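Structure first, commentary second.
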Amino acid sequence: MPLYDLWGSSDLDIEIAKDVFPIEEWLKDQDDLFDQPEHGWFESVYQKKKLHYRKNVPAGKKVKAVVVWHHGICGQSGFGMKIADRYTDQALRIRRFGEEGIAVY
């Protein structure tokens, strides 16, 4: 598999073929959809693999709470849409939490 440079980390060994890996424009559109999250990486204890996370911290507000969104069946942090200037799913949740001073990881 090819190595990728993604969100500030280089030489990532991601098991996705280059011809189906998302293009840079799509990744930027996702950041727009999810209100410009910060991206980070944890190093796993298993083979030191890198685990990606996103965080949205309300700008200019005191953080009142933190929500850790852990994906599972039918839910993950990258599911959302914008339809006729309205956001759905996680894209909506992130914005609503931010308005209330709640950070989302």
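Here the structure is a predicted model, which is why all the values come from computation and not from measurement. Residue numbers count from 1 along this sequence. Any value given below was found using the heavy atoms of this structure, including those in side chains, with hydrogens, waters and symmetry copies removed.
Taking all atoms of both residues into account, the shortest heavy-atom contact from L51 to S44 is CD1-CB, 4.0 Å. Closest approach of K18 to L3, counting heavy atoms only: NZ-O, 4.4 Å.
Taken from CG in N56 to CZ in R93, the straight-line distance is 13.0 Å, to the nearest 0.5 Å. The CD atom of E38 lies 13.0 Å from the CZ atom of R54; values are rounded to the nearest 0.5 Å. Taking NE2 from H39 and OG from S9, the interatomic distance works out to 12.5 Å, rounded to the nearest 0.5 Å. Put simply, CD1 on I102 and NZ on K61 are 10.0 Å apart, with the number rounded to the nearest 0.5 Å. From L33, atom CG reaches atom CE of M81 across 9.5 Å, with rounding to the nearest 0.5 Å. Distance check: D29 CG to F34 CZ gives 11.5 Å after rounding to the nearest 0.5 Å.
Linking ILVMFWY residues whenever their side-chain heavy atoms come closer than 4.5 Å, directly or via other members, places V57 and V66 in the same cluster.
Scanning for ring-ring contact (aromatic ring centres under 6.0 Å, His included) contacts around F42 gives Y53, with sequence neighbours left out.
Through chains of ILVMFWY side-chain contacts below 4.5 Å, I16 is grouped with Y4, L6, W7, L12, I14, V20, F21, I23, W26, L27, W41.
Applying the side-chain hydrogen bond (donor to acceptor under 3.5 Å, both in side chains) test to every pair with at least one member in residues 94-105, sequence neighbours left out, gives these pairs: Y87-R95.
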